[in-house]
There are 2 protein chains.
Amino acid sequence: MTTVLAMRSERDSTAGHLAAEALRAGPQAAPRPETGSVTIAGQVLNFAQDSEIYAECSEVRSFYKVVGGVVRTCKFLSDGRRQIEGFHSAGDIFGLELGDTHGLSAEAVSDCTIVAYRWRGLSAAAARNDQMAPQVFQFAMQCLQRAQQHALLLGRRSAAQRVAAFLVEMADDEEPATVHLAMTRQDIADYLGLTIETVSRTLSQFERDRVIALPSTRHVVLEDRDALMALND
Amino acid sequence: MTTVLAMRSERDSTAGHLAAEALRAGPQAAPRPETGSVTIAGQVLNFAQDSEIYAECSEVRSFYKVVGGVVRTCKFLSDGRRQIEGFHSAGDIFGLELGDTHGLSAEAVSDCTIVAYRWRGLSAAAARNDQMAPQVFQFAMQCLQRAQQHALLLGRRSAAQRVAAFLVEMADDEEPATVHLAMTRQDIADYLGLTIETVSRTLSQFERDRVIALPSTRHVVLEDRDALMALND
DNA sequence: CGTCAAATTGAAAGTCGTCAATTATCGTGG
DNA sequence: CCACGATAATTGACGACTTTCAATTTGACG
């Protein structure tokens, strides 16, 4: 199966909008290539829960967009511990790298469907004369800002602040927000730089404080989102 | 006073080398513009110790290269604490951003000299038809990798591991390496996500263990660099 | 030599991690 | 549909590491 990812070449949009539109466009968003647009063939792949999408230090062959399910990108330490750099769900791009080897590994948090877009580095893309570079740059800078925000969280926040930030990050805009967690407590812990026990205890404490409700382990209702947000300035 | 930053337009080099050469080129590296190269005017600025170069959320007018001295880029929390994202010394670029506001603030760790290059975003640079985009992308990805490495450090390392990583990062290639610290213990603590006391205690312990020597507070001799590196896998 | 800021050191407290036990959840098969 | 086993999650007790608070020492500069 093959799909297309629209890569527009208009110059009048801002770089931000260009990238946002192009990198978020799904297969369904480009039923027919528009005049002047460049399309990139993508291959749809399915991964079972906990299967590896690519390994750290493996050769970069493609970058990826999540169609369904959730993906985690992470690093491993020699002692077996993990640092999860981020979770990626429908519409998110991941695995786009400058060098020829992946700096992180990627794994399926849940069963998921992913589109792989062939990618041989920026120079190869630039040589095709398409307007991908600004979008790729935009993407890199977004990743950078998230990474810096994450470093701030890991360096300076308490366990309660980290868990609160995670819940707010995962929540939708509804009120009260219901968060469906695709990942285990271990995943959350490895994302927040905590242990599974601390995450569990913190969630329990939030529940006792009536800040959240836990109808099931994977469903969190943010009863008092303001209280959660207030924990981080 | 005005200087130039060479921005080469050759296509035959790898993206990596392009960026590395162009972004590291100093005033002295481009005595005369070469045929086919694009030059960017830079303004030399001096900043006194602890003065602000730009504030978080301030408008992006330029990006910067350090000529002399050391710069820190950091974020502030509402409680007054800081997370220093990185230190930048001679030759380093900082302050290059996608959006129109800075995501971090920049301050002079020591008295320092900096070249400011006018920068109005990638689209403005791209419109001038120079070949800056790949170099900027390369730069962004390098920052991203450093930020991810830093997140790993902050999320999963003990105080001793963090201080060891910092010393190795700051060390030159000589043996034994002598590190001249331009920053205070507080700066180091805010970079490593620790307190000033913990940094001090850890350095003292390293000294007792004969891993380092401290001829003065700002001079560290890595007596046993292997031992320091062994702490992190 | 005196003053002030930076750095070090000590003692106590607190947070989070570790280890262990219990409970809950989910998938599988009877 | 229920029972069972395996995995995930929770909870408790304890300990280690880091922070906090406080005092002292060191170093820079007039």
Side-chain angles (χ1 to χ4, degrees), chain A residues 48-50 70 72 77 79-84 109-111 153-167 179-209 212-220 231, chain B residues 48-50 72 77 79-83 109-111 153-167 179-209 212-220 231:
Chain A
Q49 186 169 10
D50 291 326
V70 177
R72 60 176 175 252
L77 278 73
D79 60 9
R81 291 186 306 175
R82 259 190 329 187
Q83 177 65 48
I84 293 182
V109 170
S110 60
D111 290 346
L153 185 85
L154 296 173
R156 290 295 176 194
R157 304 293 195 182
S158 68
Q161 289 177 314
R162 297 183 200 196
V163 175
F166 172 76
L167 290 174
V179 185
H180 294 257
L181 300 173
M183 66 290 293
T184 66
R185 295 288 189 271
Q186 186 65 62
D187 287 328
I188 299 172
D190 288 345
Y191 178 62
L192 299 177
L194 300 169
T195 58
I196 184 175
E197 294 94 335
T198 300
V199 171
S200 184
R201 269 187 263 268
T202 305
L203 287 172
S204 300
Q205 187 60 51
F206 283 164
E207 192 179 23
R208 278 192 293 274
D209 296 344
I212 65 170
L214 285 165
S216 81
T217 52
R218 300 295 183 98
H219 295 146
V220 185
L231 280 178
Chain B
Q49 184 168 10
D50 290 326
R72 59 176 176 251
L77 277 74
D79 60 7
R81 290 186 307 175
R82 261 187 330 183
Q83 177 65 48
V109 170
S110 60
D111 290 345
L153 185 84
L154 295 172
R156 291 294 178 194
R157 304 294 193 179
S158 69
Q161 290 178 313
R162 297 183 200 196
V163 174
F166 171 75
L167 291 174
V179 185
H180 293 256
L181 301 173
M183 66 292 290
T184 65
R185 296 289 190 270
Q186 186 65 63
D187 286 328
I188 298 172
D190 289 346
Y191 178 62
L192 299 177
L194 299 170
T195 60
I196 183 175
E197 294 95 334
T198 300
V199 171
S200 184
R201 268 187 262 271
T202 305
L203 288 172
S204 299
Q205 188 60 50
F206 283 165
E207 192 180 22
R208 278 192 292 275
D209 296 344
I212 65 170
L214 285 165
S216 81
T217 49
R218 298 295 183 97
H219 293 146
V220 186
L231 280 177

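All heavy atoms count here, side chains included; hydrogens, waters and symmetry mates do not. All values reported here derive from a predicted model rather than from experimental measurement.
Partners of B:T202 according to the side-chain hydrogen bond (donor to acceptor under 3.5 Å, both in side chains) rule, which considers only residues two or more places apart in sequence or in another chain, do not exist here. Checked against ring pair (Phe, Tyr, Trp, His ring centres under 6.0 Å), A:F206 has no partners two or more places apart in sequence or in another chain. Under the side-chain hydrogen bond (donor to acceptor under 3.5 Å, both in side chains) criterion, B:H219 pairs with B:H180, B:S216, not counting sequence neighbours. Residues forming a salt bridge (charged side-chain N to carboxylate O under 4.0 Å, His left out) with A:R157 (at least two apart in sequence, or on another chain): A:D233. Under the salt bridge (charged side-chain N to carboxylate O under 4.0 Å, His left out) criterion, B:R72 pairs with B:D50, B:E107, B:D187, not counting sequence neighbours. Judged as a salt bridge (charged side-chain N to carboxylate O under 4.0 Å, His left out), and not counting sequence neighbours, the contacts of B:R156 are A:D190. Legend: residues meeting salt bridge (charged side-chain N to carboxylate O under 4.0 Å, His left out) with B:R218, ordered by chain and number and at least two apart, are absent.
Residues B:L203 and B:L167 have side chains in contact (heavy-atom distance under 4.5 Å, counting atoms from C-beta outward). Taking the side chain as every heavy atom from C-beta outward, A:Q186 and A:R82 approach each other to under 4.5 Å.
A donor-acceptor pair under 3.5 Å is absent between the side-chain atoms of A:Q161 and the main chain of A:L153, judged by distance alone. Checked by atom type and distance alone, the side chain of A:S200 never pairs as donor or acceptor with a backbone atom of A:I196 at under 3.5 Å. Checked by atom type and distance alone, the side chain of A:T198 never pairs as donor or acceptor with a backbone atom of A:L194 at under 3.5 Å.
If you measure from atom CD of A:Q186 to atom C1' of D:dT10, you get 14 Å, rounded to the nearest angstrom. Atom CZ of A:R218 is separated from atom P of D:dT7 by 15 Å (rounded to the nearest Å).
Nearest approach of A:A164 to A:L231, heavy atoms of both residues: CB-CD1, 3.7 Å.
Within residues 191-201 of chain A, the residues that have a heavy atom under 4.0 Å from DNA chain C are, in order of number, A:G193, A:L194, A:T195, A:E197, A:T198, A:R201. Less than 4.0 Å separates DNA chain C from at least one heavy atom of each of the following residues of residues 154-162 of chain A: A:S158, A:A159.
Overall, the helix from C:dC1-D:dG30 to C:dG30-D:dC1 carries an axis bend of 30° between its ends, with five pairs at each end and the value rounded to 10°.
Reading DNA chain C from its 5' end, the first and the last nucleotide to sit under 4.0 Å from a heavy atom of chain B are C:dA7 to C:dA11.
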Does the pair A:V220 and A:F166 meet the rule for a side chain to side chain contact (heavy atoms under 4.5 Å, CB included), with working shown? CA-CA 12 Å; A:V220 185; A:F166 172 76; over 6 Å; no
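Taken to the nearest 0.5 Å, the CG atom of A:L77 stands 8.5 Å off from the CD atom of A:Q83.
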Using a 4.0 Å cut-off on protein heavy atoms (strictly under), produce a 5'-to-3' string for nucleotides 24-30 of chain D with B for base contact, S for backbone-only sugar-phosphate contact, and - for none. -------
